[in-house]
Amino acid sequence: NRQLLGYAEPKLLFLFQIVKGFLLSILLLMPLIFLYNYLEIRIINDIDLIAFNASFLQVLIYTIFISFVISIIEESYFRGIMIRGKSNIVMAFLIIIFSSLIYSLFHFIKIPLIIDDNIFWYTGLIELFNVFANFFKIISLDSAVTLFVFGILLGIIRVKYQSISYCIGIHAGFIFLIKTFKQNSSVNYDSTYSSFLSSHDQFTGSLATIWIILILIIYSVYISKYNK
């Protein structure tokens with residue numbers, strides 16, 4: 001059922017709302033990026049080092065494409081399949097929390113590529129065991145919290161609009177801007193505030209979590225007033 005999975009709108013409206021979400025996410029994330037640069041946590045490269053040519057344009061288009069591919073896949077499952085249809089406030093809250101937790105932990109599951117010629121019937125089981133055995137070695141708490149809070153924000157938007165169109169756009173915009181920023185900046189490990197940055201991906205962390213919580217609070221207040 002397309003409606004239950006969050007694909008309720010007509011195609012043109014669905015695409016339009018994706019674009020709106022994408023542009024909105026860039027506006028929402030830019031202050032955090034400026035803050036990273038201002039605090040010298042991540043320093044943006046000199047503009048002279050960035051070559052605005054055909055190669056730059058290709059990388060930009062490729063990054064946008066990959067951002068949307070990842071976003072569509074993840075939102076279709078974590079906000080589409082896991083958060084379905086209308087429900088009461090308590091149930092919606094619990095579903096959003098659960099889906100956000102799974103969404104966060106999912107990013108720390110690394111599936112190995114098996115290239116060994118000697119593969120047996122139990123090889124897959126061994127590798128599966130290793131995935132979960134190494135999970136607690138891979139997981140980064142500060143990064144996981146950021147992803148969890150971001151998942152809650154997307155979950156609330158999903159429930160509010162009964163659609164994943166905005167979720168896809170916002171998610172894709174975040175991925176695009178984070179990847180672009182990381183490609184054109186460098187981590188300053190000597191910064192006084194370097195601990196605000198997660199060692200997992202050098203972008204998420206305490207500062208990103210605080211910023212998303214702030215967005216979440218403002219959006220929640222807006223919803224409460226708008227619904228009245």
Side-chain angles (χ1 to χ4, degrees), residues 6 17-39 41-42 67 70-71 74-75 78-80 82-108 139-178 181-182 191-198 200-228:
Q17 290 179 169
I18 287 177
V19 174
K20 281 176 62 179
F22 183 83
L23 297 176
L24 177 62
S25 68
I26 292 177
L27 292 176
L28 292 175
L29 202 59
M30 284 303 294
L32 178 60
I33 286 177
F34 285 131
L35 191 57
Y36 274 140
N37 188 69
Y38 176 76
L39 297 176
I41 298 173
R42 285 197 73 106
S67 299
I70 295 172
S71 175
E74 293 190 355
E75 291 309 308
F78 293 109
R79 257 65 63 178
M82 295 194 71
I83 305 177
R84 299 172 62 179
K86 295 183 178 180
S87 56
N88 61 62
I89 295 176
V90 175
M91 185 58 67
F93 174 77
L94 293 175
I95 292 173
I96 289 172
I97 294 297
F98 178 72
S99 65
S100 300
L101 180 62
I102 299 300
Y103 166 74
S104 173
L105 298 180
F106 167 78
H107 288 78
F108 301 96
I139 191 171
S140 174
L141 184 60
D142 53 356
S143 181
V145 172
T146 303
L147 292 166
F148 175 68
V149 175
F150 183 54
I152 291 175
L153 175 62
L154 293 174
I156 291 174
I157 293 172
R158 160 69 164 109
V159 172
K160 172 69 173 68
Y161 293 99
Q162 289 297 302
S163 170
I164 64 170
S165 55
Y166 284 111
C167 299
I168 290 174
I170 292 172
H171 195 160
F174 269 53
I175 295 173
F176 166 72
L177 205 56
I178 290 170
F181 178 55
K182 288 173 65 175
S191 171
T192 308
Y193 308 98
S194 60
S195 60
F196 290 164
L197 199 67
S198 174
H200 173 69
D201 60 358
Q202 286 79 48
F203 187 90
T204 56
S206 304
L207 194 58
T209 300
I210 293 170
W211 180 248
I212 297 174
I213 289 175
L214 181 61
I215 294 173
L216 186 55
I217 292 172
I218 293 173
Y219 183 63
S220 298
V221 171
Y222 167 78
I223 288 177
S224 63
K225 289 185 177 181
Y226 181 79
N227 286 342
K228 291 180 181 178

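Basis for what follows: all heavy atoms, side chains included, without hydrogens, waters or symmetry-related copies.
Partners of Asp201 under the side chain to side chain contact (heavy atoms under 4.5 Å, CB included) rule, at least two apart in sequence or in another chain, are Ser143, Lys182, Ser198, Phe203, Thr204. Residues that satisfy the side chain to side chain contact (heavy atoms under 4.5 Å, CB included) test with Ile210, not counting sequence neighbours, are absent from this structure. With sequence neighbours excluded, the residues forming a side chain to side chain contact (heavy atoms under 4.5 Å, CB included) with Val149 are Val145, Thr209, Ile212, Ile213, Leu216, listed by chain and number. Judged as a ring pair (Phe, Tyr, Trp, His ring centres under 6.0 Å), and not counting sequence neighbours, the contacts of Phe78 are Tyr103, Phe106. With sequence neighbours left out, the side chain to side chain contact (heavy atoms under 4.5 Å, CB included) criterion links Ser25 to Ile170, Phe174. By the side-chain hydrogen bond (donor to acceptor under 3.5 Å, both in side chains) test, Glu74 is found to be paired with His171, residues two or more places apart in sequence or in another chain being considered. Judged as a side-chain hydrogen bond (donor to acceptor under 3.5 Å, both in side chains), and not counting sequence neighbours, Tyr36 has no contacts. Tyr38 is linked by a ring pair (Phe, Tyr, Trp, His ring centres under 6.0 Å) to nothing, counting only residues two or more places apart in sequence or in another chain. For Tyr193, the ring pair (Phe, Tyr, Trp, His ring centres under 6.0 Å) partners are Phe196, not counting sequence neighbours. For Phe176, the ring pair (Phe, Tyr, Trp, His ring centres under 6.0 Å) criterion is met by Phe22, not counting sequence neighbours.
Rounded to the nearest 0.5 Å, atoms CG (Leu197) and CG (Leu207) are 8.5 Å apart. In this structure, Phe150 CZ and His107 NE2 are separated by 9.0 Å, a value rounded to the nearest 0.5 Å. Here the CD1-CG distance, from Ile215 to Leu153, works out to 6.5 Å after rounding to the nearest 0.5 Å. How far CD1 of Ile102 is from CZ of Phe148: 10.5 Å, rounded to the nearest 0.5 Å.
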With side-chain contact (heavy atoms from CB on, under 4.5 Å) as the test, would you mind laying out the steps for Val19 and Leu23 before giving the verdict? CA-CA 6 Å; Val19 174; Leu23 297 176; 4.1 Å; yes

Under the side-chain contact (heavy atoms from CB on, under 4.5 Å) rule, what do Leu147 and Phe108 come out as? Steps first, then yes or no, please. CA-CA 11 Å; Leu147 292 166; Phe108 301 96; 4.1 Å; yes

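Across all their heavy atoms, Ile26 and Leu177 have their closest contact at O-CD2, 3.8 Å. Nearest heavy atom pair, residue Ala172 against residue Ser67, reads O-CB, 3.5 Å. Residues Cys167 and Ile157 share a closest heavy-atom pair of SG-CG2, 4.1 Å. His200 and Ser140 get closest at one heavy-atom pair: CB-CB, 3.6 Å. The two atoms that bring Ile83 and Arg158 nearest to each other are O-NH2, 2.6 Å, heavy atoms only. Pairing each heavy atom of Ala144 with each of Ser104, the nearest pair is O-OG, 2.7 Å.
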Just list the side-chain donor-acceptor pairs under 3.5 Å for residues 89-101, sequence neighbours left out, or say none.
from, atom 1, to, atom 2, distance (Å)
Ser99, OG, Ile95, O, 3.1
Ser99, OG, Ile96, O, 3.0
Ser100, OG, Ile96, O, 2.6
Ser100, OG, Gly151, O, 3.2
Ser100, OG, Ile152, N, 3.0

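With Ser165 as the fixed residue, the side-chain hydrogen bond (donor to acceptor under 3.5 Å, both in side chains) test singles out one of Gln17, Lys20, Glu75: Gln17.
A heavy-atom distance below 4.5 Å is found between the side chains of Leu214 and Ile218. Side-chain contact between Leu105 and Ile139: present, with at least one pair of heavy atoms (C-beta onward) separated by less than 4.5 Å.
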